[in-house]
There are 2 protein chains.
Amino acid sequence: MGAEGHGDGTVGKALDVLDMVAGLGRAVRFSELLAQGVYPKATLYRFLQTLTHQGMLSYDPDRGTYSLGVRLVRLAHAAWAQSSLAPIARPYLDELAAETGETIHLAQMDLGQVLYVDKRNATRPVEMFAQAGKVGPAYCTGVGKAMLAYLPDEALARALERQSFHRHTPQTLYTPEALKAELAAIRTRGHALDREEHELGIICCAVPILSRSGRAIGALSVTSTTANTTLTALEAKAGRVKDIAAKIAAEAESWRFPEQG
Amino acid sequence: MGAEGHGDGTVGKALDVLDMVAGLGRAVRFSELLAQGVYPKATLYRFLQTLTHQGMLSYDPDRGTYSLGVRLVRLAHAAWAQSSLAPIARPYLDELAAETGETIHLAQMDLGQVLYVDKRNATRPVEMFAQAGKVGPAYCTGVGKAMLAYLPDEALARALERQSFHRHTPQTLYTPEALKAELAAIRTRGHALDREEHELGIICCAVPILSRSGRAIGALSVTSTTANTTLTALEAKAGRVKDIAAKIAAEAESWRFPEQG
DNA sequence: AGACTAAGTTTCACATAATGGAACCAAACG
DNA sequence: CGTTTGGTTCCATTATGTGAAACTTAGTCT
C-alpha cells in the first residue's frame with residue numbers, strides 16, 4: 001500500500017492525509033504523521049487543522065492525537081442508505097439468514113474491490129474477514145468472483161489490473177489466466193464458489209445480482225466453514241439464493257428515481 | 001441544517017459538495033447539484049471530477065449520476081474500528097443483549113450530538129430512530145442526557161448551544177433550564193431515563209461510560225417500549241448496565257496506545 | 001431536416017489560496 | 001539553564017483554484 005491518490009490538487013492531498021490517519025489505525029500524533037515524510041511540517045499542520053475543523057478528523061487535546069471524525073461516519077451512513085441495494089435487500093437477507101442459518105453477505109463492486117454492504121451472522125457465528133463496511137479483494141472471494149464474471153469486457157480488464165493476486169491459501173487462484181477460466185465456468189454455472197481461496201476453512205457459494213442489462217450490480221453469498229458443511233451442500237442452496245438475488249434485482253430495477261422526502 | 005463548513009479553503013468546499021450529495025440521499029445529477037446555487041458550474045464540475053477521481057464519489061455513466069463512493073465507506077469503517085469504544089464494547093453488548101433481550105445502544109458524543117456507534121436488536125425487534133452510524137439529538141435521548149450530565153462545564157455550555165430543542169413529544173424537556181435540572185438529577189441517580197421524550201412509546205435507561213477522570217466517553221442504554229415493559233422495570237436493570245459500563249470504561253482506559261500491527 | 005433548448009464539458013485570463021522554509025514557542029530533559 | 005523534541009505561526013513566492021463565457025452534445029419541437 002504505497003503512494004496514494006496524490007495527484008489532483010489540494011483536495012487529493014487532504015484526503016491523502018485522511019488515509020494516513022486511517023492507515024495507522026489508531027489515534028496518532030502530529031509527529032507520527034510528519035515522520036511519514038509525505039508533507040512538510042507547515043503543510044501537514046494546515047491539513048490537520050482544516051480536516052479537524054471540518055469534522056473529518058477529531059482531535060483529542062489531552063493526548064494531542066488525531067483520529068477519524070464523526071462526519072465520516074455520518075457520511076458513510078448516508079452512503080449505505082443510498083447505495084440502493086442495501087435497504088432493498090435487507091428483508092431478503094433476513095429471510096435467507098433465517099432459512100439457512102448460515103452467514104449471509106451482500107456485496108457491491110467498486111474499482112475492482114469488493115465492498116461488503118450488509119451481513120447476517122450465522123446462528124452459530126464464526127469469526128471471519130468480512131464485515132459490513134469492509135473492503136476486500138475480488139479475485140479470491142465468492143462475491144468478488146460472482147461480480148467479476150458478469151462485468152463488461154473493458155471494465156473487467158480494468159478490474160483485473162487492480163487485483164493484487166496474493167496467494168492467501170493453497171487454493172487461491174493467483175494468476176489472471178486461472179481466474180479468467182474460473183469466471184467462464186461461473187458464467188455457465190450461474191454461481192461462484194469459494195473453495196477456501198481467501199481464508200482456510202471458509203467456503204461459500206455466491207450469486208450475482210444482475211441488472212436487466214446483465215451487468216452485476218451486486219452479489220449475494222451464503223458462507224460457512226468446512227467444519228460445519230461441505231461445498232456440495234452449500235451449492236445445493238444456490239437455486240434459492242439465485243431466486244432471492246433475482247427478487248432484489250427486480251426491486252432495485254423498479255426503483256430508479258425515488259422521490260425525495 | 002444550513003450552510004456548512006464553507007470557510008476554510010478548497011478542502012472545505014469540496015467536503016461541502018460531499019454533504020450536498022449525502023443530503024439529497026440518492027444518486028444525483030450534475031444539474032441538481034448545480035441548482036442548489038452554491039457553486040458556479042465550472043467550479044462544481046471540477047469538484048465532482050476530483051471527488052470522483054478520489055473515490056469519495058462514484059459516478060454512474062449510464063445515468064449520469066453521482067453517489068457517495070467506497071473510499072468514504074472504507075474510511076468510515078476505519079473510523080468505527082478505531083473509535084476505541086466500539087471494538088472493546090462489542091462482547092459486552094452481546095452479553096447485555098442476551099441477558100435482557102432488549103435493544104441495546106452504544107453511543108458517543110460529538111459536537112453536542114449523539115452518534116450511535118453500535119446496536120443490538122431486541123429478540124423481538126422494534127422499529128425506532130436509532131441505528132448504528134446514525135446521529136441523533138442529545139437533549140431528548142437517554143444516552144444523550146447520560147453523557148451531557150457528565151460533561152465538563154464549558155463543554156456542556158457549548159453542547160447546550162447546539163441543541164435544537166424541538167418538542168418531539170409531550171414529555172420532551174424543551175428548555176435548557178428543564179434539561180439542566182434533569183442533568184443534576186441524573187448525576188445524583190447515576191443513570192438517565194428517557195420517558196418517551198424522543199419517540200412516543202419508546203423508553204430507555206442509559207448509563208454513562210466514564211473515564212477515570214470522570215469525563216463521559218460514551219453511554220450505554222437498554223431500550224424498550226411501553227407496550228413491553230415499564231420504566232420501573234427498566235430502571236431495575238440499571239445496576240447491571242452500570243457494571244458493564246464500568247467494565248468497558250476500565251478496558252478502554254488500559255488501552256491507551258495499542259501497538260500497531 | 002433545421003432551429004431551438006437543456007445538460008454537460010472545456011478554455012483561459014485572473015486572483016486567491018496553498019506552499020514550505022524558517023523563525024518561534026513551550027515543554028521535557030539532562 | 002542550555003538543549004532537544006514536538007508543535008505552532010509568519011510570510012514572500014507561486015502554484016492552484018476560480019468562474020464567465022464559449023463550446024459540444026443530445027434531445028425536442030415544428
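In what follows, chains carry the letters A, B, and so on, assigned in the order in which the sequence lines appear, proteins first and then strands, with residues in each chain numbered from 1.
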State, to the nearest 10°, the angle formed by the axis through the first five base pairs of the helix from C:dA1-D:dT30 to C:dG30-D:dC1 and the axis through its last five.
-> 30°

When the distance from CG of B:Leu44 to P of D:dT18 is rounded to whole Å, what number comes out?
-> 11 Å

Just wondering, more than 12 heavy atoms not from B:Lys180 lying within 6.0 Å of its NZ?
-> no

Residues passing the ring pair (Phe, Tyr, Trp, His ring centres under 6.0 Å) test with B:Phe47, sequence neighbours excluded, are B:Tyr39

Quickly work out the B:Leu48 CG to D:dG17 P distance and round it to whole Å.
-> 15 Å

CG-CZ distance between B:Asp19 and A:Arg74, expressed to the nearest 0.5 angstrom | 6.5 Å

Separation of D:dT18 atom P from B:Tyr39 atom OH, nearest Å, is 9 Å

If the plane angle is over 60° it's perpendicular, under 30° parallel, otherwise tilted; pick one for B:Tyr139 and B:Phe165.
-> tilted

Residues, nucleotides or ligands: over 12 heavy atoms within 6.0 Å of B:Asp60 CG = yes

Output every pair passing salt bridge (Lys or Arg N to Asp or Glu O under 4.0 Å) with a member in residues 135-147 of chain A, not counting sequence neighbours, ordered by first then second residue.
-> A:Lys145-A:Glu182, A:Lys145-A:Glu197

Spacing between B:Gln49 atom CD and C:dT9 atom C1', to the nearest angstrom | 8 Å

Roughly how many Å is it from CG in B:Asp16 to P in D:dT18, rounded to a whole number?
-> 12 Å

Base versus backbone protein contacts along nucleotides 24-30 of chain C [heavy-atom cut-off under 4.0 Å; B, S, -] | -------

In whole angstrom, give the distance that lies between atom CZ of B:Phe30 and atom P of D:dG19.
-> 13 Å

Could you grab the distance from atom OH of B:Tyr116 to atom OG1 of B:Thr141, nearest 0.5 Å is fine?
-> 4.5 Å

With a 3.5 Å cut-off and sequence neighbours excluded, list the donor-acceptor pairs that the side chains of residues 155-162 of chain A form with protein atoms.
{"from": "A:Arg158", "atom 1": "NH2", "to": "A:Glu154", "atom 2": "OE1", "distance (Å)": "3.0"}

Look at the rings of A:His168 and A:His166 and say which category their plane angle falls in: under 30° parallel, 30 to 60° tilted, over 60° perpendicular.
-> perpendicular

Rounded distance (nearest 0.5 Å) linking atom CG of A:Leu51 with atom CG of B:Leu15 = 7.0 Å

Going from NZ on A:Lys119 to CG on A:Leu93, what distance comes out if it is rounded to the nearest 0.5 angstrom?
-> 12.0 Å

Can you check nucleotides 11-19 of chain C for protein contacts, nitrogen or oxygen pairs under 3.5 Å, and list what you find?
{"from": "C:dA18", "atom 1": "OP1", "to": "B:Thr10", "atom 2": "N", "distance (Å)": "2.8"}
{"from": "C:dA18", "atom 1": "OP1", "to": "B:Thr10", "atom 2": "OG1", "distance (Å)": "3.0"}
{"from": "C:dT19", "atom 1": "OP1", "to": "A:Lys13", "atom 2": "NZ", "distance (Å)": "3.0"}
{"from": "C:dT19", "atom 1": "OP2", "to": "A:Arg46", "atom 2": "NH1", "distance (Å)": "3.1"}

OP1, OP2 of C:dT10 versus side-chain N and O of B:Tyr45: anything below 4.0 Å?
-> yes

Nearest whole angstrom, please: distance from the C1' of C:dT9 to the CG of B:Leu34.
-> 13 Å

